[in-house]
Engineer: 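Sharing a structure below in structure tokens format, with a few things to ask.
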Amino acid sequence: MPTVRYGEPLNVVVVAKGHPYLRDPFMAMFDEMEGIACTLVEQPAAARLMSVANLDDIDALVLYDMPGLDFRAPSPPAYVEPEAAFKQNFLALLDRGIGIVALHHAIAGWPAWEEYAQLLGGRFLYRPGKLRGVERPDSGYRHDVEHEITAADPGHAILQGIEFPLRLTDELYLSEVFEDDVQPLLRSNHKFIRDEFYSASLAVSGHMFSNEGWSHADGSNLVGWTKRARNSPLVYLQPGDGPATYAHPGYRRLVENAIRWASSPEARAWAKPEKA
């Protein structure tokens, strides 16, 4: 197994695209992180880069991408199956123990690959479908929500130096969260109920900001968690829709702390399964 290098300066690859975003305000957030060198790679090139051979000196991957969805298809979005080589390479990176920090819309990535949802701890569904053997409705979204985030695990290293409640105006999701498989980190005070969100399926069919005829059970208010993804420590942070959030000092500290924790030998030791 290749040697895993931890410590500062940290070497981080930021993966983006597949969902619209403003590159300069987004990357400005990383430029201010002292002792962390971040390189942006966009999809689809990023998928070809993700292998142990190419990322042997990387401490962490930040996922802000949304691959595997074709919004130009006749009945969008079409689900695109990842290539077998990508699956093999990505899983090999997780077996190696690379730190993963997934942000916002990354939870919608690779919808044709169910294991990806299991690795991240949930899924945003653009259309109804089966997940964990159960039929699920399409997920909900709501822009510009003013809400307060509280610490579900106040002692965790990722939450140090952040003033709670963390007040953000950001997009929220009513989506699938596998609470039985994650370690809670952050919770929102917003109501995660059908009437507070709009249907993703209606949005992509041309009916933005509508929930007419849409049904969805009450959802989880968990908006941040850690979990074990094979041998890798993984952090998912649901906030991160646009420039106002990118520029928020509390959010910047949250992302930086997540990168530092996911890159640490302590996190890697926590993630690695104990030998029987």
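Computation of the quantities below employed the complete heavy-atom set of this structure, encompassing side-chain atoms and omitting hydrogens, waters and symmetry-equivalent molecules.
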Engineer: Determine whether Tyr246 and Val255 make a side-chain contact, defined as any pair of heavy atoms from C-beta on separated by less than 4.5 Å.
Structural biologist: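 Not touching, per the 4.5 Å side-chain cut-off.
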Engineer: In sequence, state the C-alpha distance, the side-chain angles, and the governing distance for Ser188 and Leu172, and then conclude on side-chain contact (heavy atoms from CB on, under 4.5 Å).
Structural biologist: CA-CA 9 Å; Ser188 169; Leu172 287 176; 4.1 Å; yes
Engineer: Using a 4.5 Å cut-off on heavy atoms from C-beta on, say whether the side chain of Trp110 contacts that of Leu69.
Structural biologist: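 No, their side chains stay 4.5 Å or more apart.
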Engineer: Test your reading of the model: is there a side-chain donor-acceptor pair from Asn54 to the backbone of Met50, 3.5 Å cut-off?
Structural biologist: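 Between the backbone of Met50 and the side chain of Asn54 there is no qualifying donor-acceptor contact (under 3.5 Å).
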Engineer: State, yes or no, whether a side-chain contact exists between Ile149 and Tyr251 at a heavy-atom distance under 4.5 Å.
Structural biologist: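 SC-SC contact between Ile149 and Tyr251 ruled out.
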Engineer: Treating Ile, Leu, Val, Met, Phe, Trp and Tyr as nodes and any side-chain heavy-atom pair under 4.5 angstrom as an edge, say whether Trp270 and Leu237 lie in one connected cluster.
Structural biologist: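 Yes, it is one cluster - the side chains of Trp270 and Leu237 are joined through contacts under 4.5 Å.
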Engineer: So does Glu115 pair up with Lys87, basic N to acidic O under 4.0 Å?
Structural biologist: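 No salt bridge links Glu115 with Lys87.
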Engineer: Contact between His19 and Tyr21 at the side-chain level, heavy atoms closer than 4.5 Å - yes or no?
Structural biologist: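 A side-chain contact under 4.5 Å is absent here.
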Engineer: Checking the side chain of Arg127 only, and the main-chain atoms of Ser139 only, is there a donor and an acceptor separated by less than 3.5 Å?
Structural biologist: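 No, the answer is negative, given that no donor and acceptor are paired below the 3.5 Å cut-off.
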Engineer: Taking the six-membered ring for Trp, are Phe197 and Trp214 closer than 6.0 Å centroid to centroid?
Structural biologist: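 Between Phe197 and Trp214, the centre distance exceeds or equals 6.0 Å.
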Engineer: So, does Asp170 use its side chain to make a donor-acceptor pair with the main chain of Thr245 at under 3.5 Å?
Structural biologist: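 Absent.
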Engineer: Keeping Ser210 on the side-chain end and His207 on the backbone end, is there a donor-acceptor pair under 3.5 Å?
Structural biologist: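 Looks like no, no N/O pair under 3.5 Å.
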Engineer: Under 6.0 Å from the CD atom of Gln88, do we count more than 12 heavy atoms belonging to anything else shown?
Structural biologist: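 No, not enclosed.
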Engineer: Please determine whether residues Trp113 and Leu94 belong to a single hydrophobic cluster, defined as Ile, Leu, Val, Met, Phe, Trp and Tyr linked transitively by side-chain heavy-atom distances below 4.5 Å.
Structural biologist: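 The answer is yes; both residues are in one hydrophobic cluster.
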Engineer: Looking at Ala16, is its backbone amide N or carbonyl O close enough to the side chain of Asp65 to form a donor-acceptor pair, meaning the two atoms are under 3.5 Å apart?
Structural biologist: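 Not confirmed, Asp65 side chain does not pair with Ala16 backbone.
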Engineer: To the nearest 0.5 Å, tell me how far Asn89 CG sits from Arg48 CZ.
Structural biologist: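 Output value for this atom pair is 12.5 Å.
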Engineer: Parallel, tilted or perpendicular: which describes the rings of His104 and Tyr173, with under 30° parallel and over 60° perpendicular?
Structural biologist: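 Rings of His104 and Tyr173: parallel, under 30°.
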Engineer: Decide side-chain contact (heavy atoms from CB on, under 4.5 Å) for Gln183 and Asp153; before the verdict, give the C-alpha distance in whole Å, the side-chain angles of both, and the deciding distance to 0.1 Å.
Structural biologist: CA-CA 9 Å; Gln183 301 295 317; Asp153 185 2; over 6 Å; no
Engineer: Verify whether the ring centers belonging to Phe90 and Tyr116 lie closer than 6.0 Å.
Structural biologist: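 Centroid distance Phe90-Tyr116: below 6.0 Å, so yes.
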Engineer: Decide, yes or no, whether a salt bridge links Arg167 with Glu146 under the criterion of side-chain N to carboxylate O below 4.0 Å.
Structural biologist: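 Looking at Glu146 together with Arg167, the answer is no, because their closest N to O distance does not fall below 4.0 Å.
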Engineer: Please identify which of these residues, Val14, Ile36, Leu61, meets the side-chain contact (heavy atoms from CB on, under 4.5 Å) condition with Ile259.
Structural biologist: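 Exactly one candidate clears the test, Ile36.
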Engineer: Quick one, Arg187 and Ser220 - any side-chain contact, counting heavy atoms below 4.5 Å?
Structural biologist: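 In short, these two side chains touch, coming nearer than 4.5 Å.
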Engineer: Hey, does the side chain of Glu196 reach the backbone of Arg142 with a donor-acceptor pair shorter than 3.5 angstrom?
Structural biologist: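 Judged by distance alone, no pair lies under 3.5 Å.
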Engineer: Answer yes or no: is there a side-chain heavy-atom contact under 4.5 Å between Asn257 and Ile162?
Structural biologist: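 Yes, close enough: below the 4.5 Å cut-off.
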Engineer: First locate atom CD of Gln43, then atom CG of Leu49, and finally report the distance between them rounded to the nearest 0.5 Å.
Structural biologist: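 Reported to 0.5 Å precision, the distance equals 9.5 Å.
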Engineer: Short question: side chain of Lys227, backbone of Gln118 - any donor-acceptor pair under 3.5 Å?
Structural biologist: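 Between the backbone of Gln118 and the side chain of Lys227 there is a qualifying donor-acceptor contact (under 3.5 Å).
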Engineer: Looking at CG of Leu234 and CG of Leu63, how far apart are the two atoms once the value is rounded to the nearest 0.5 Å?
Structural biologist: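 Rounded to the nearest 0.5 Å, the CG-CG separation comes out at 7.5 Å.
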Engineer: Does either side chain, that of Thr169 or that of Asp144, offer a donor lying less than 3.5 Å from an acceptor on the other one?
Structural biologist: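 No donor-acceptor contact under 3.5 Å links the two side chains.
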Engineer: How many angstroms lie between CG in Leu131 and CG in Leu125, if you round to the nearest 0.5 Å?
Structural biologist: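 Reported to 0.5 Å precision, the distance equals 6.0 Å.
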Engineer: Ring-plane angle category for Phe71 and Tyr126, please: parallel below 30°, perpendicular beyond 60°, tilted otherwise.
Structural biologist: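 Rings of Phe71 and Tyr126: perpendicular, as their planes differ by over 60°.
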Engineer: With a 4.5 Å cut-off on side-chain heavy atoms, are Gln238 and Glu171 touching?
Structural biologist: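 Heavy-atom side-chain distance check fails, nothing below 4.5 Å.
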Engineer: For the backbone of Ile98 and the side chain of Arg268, can you confirm whether one donor and one acceptor N or O come within less than 3.5 Å of each other?
Structural biologist: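 The answer is no, because no donor-acceptor pair under 3.5 Å joins these two groups.
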Engineer: What's the separation between atom CG in Asp218 and atom NE2 in His216, rounded to the nearest 0.5 Å?
Structural biologist: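 So the CG of Asp218 and the NE2 of His216 are separated by 9.5 Å.
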Engineer: If you round to the nearest 0.5 Å, how far is CZ of Arg123 from CD of Glu114?
Structural biologist: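 Glu114 CD to Arg123 CZ: 7.0 Å, rounded to 0.5 Å.
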Engineer: I'd like to know if the side chain of Arg96 and the backbone of Leu91 have a donor-acceptor N/O pair within less than 3.5 Å.
Structural biologist: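 Flag not set: sc Arg96 to bb Leu91 has no pair under 3.5 Å.
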Engineer: Is there side-chain contact between Val15 and Val13, with heavy atoms separated by less than 4.5 Å?
Structural biologist: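 A side-chain contact exists here, since the closest heavy-atom pair is under 4.5 Å.
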Engineer: Working note: Leu186 + Phe164, criterion side-chain contact (heavy atoms from CB on, under 4.5 Å); need CA distance, chi angles, decisive distance, verdict.
Structural biologist: CA-CA 10 Å; Leu186 300 167; Phe164 289 100; 3.8 Å; yes
Engineer: Centroid-to-centroid, His143 to Tyr141, below 6.0 Å?
Structural biologist: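 Yes.
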Engineer: Please check this pair: side chain of Asn11 against backbone of Asp59, looking for a donor-acceptor N/O pair closer than 3.5 Å.
Structural biologist: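 No; judged by distance alone, with no hydrogens or angles, the pair does not exist.
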Engineer: Determine whether the aromatic ring centres of residues Tyr64 and Phe26 are separated by less than 6.0 angstrom.
Structural biologist: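 Ring-ring flag for Phe26/Tyr64: true, centres closer than 6.0 Å.
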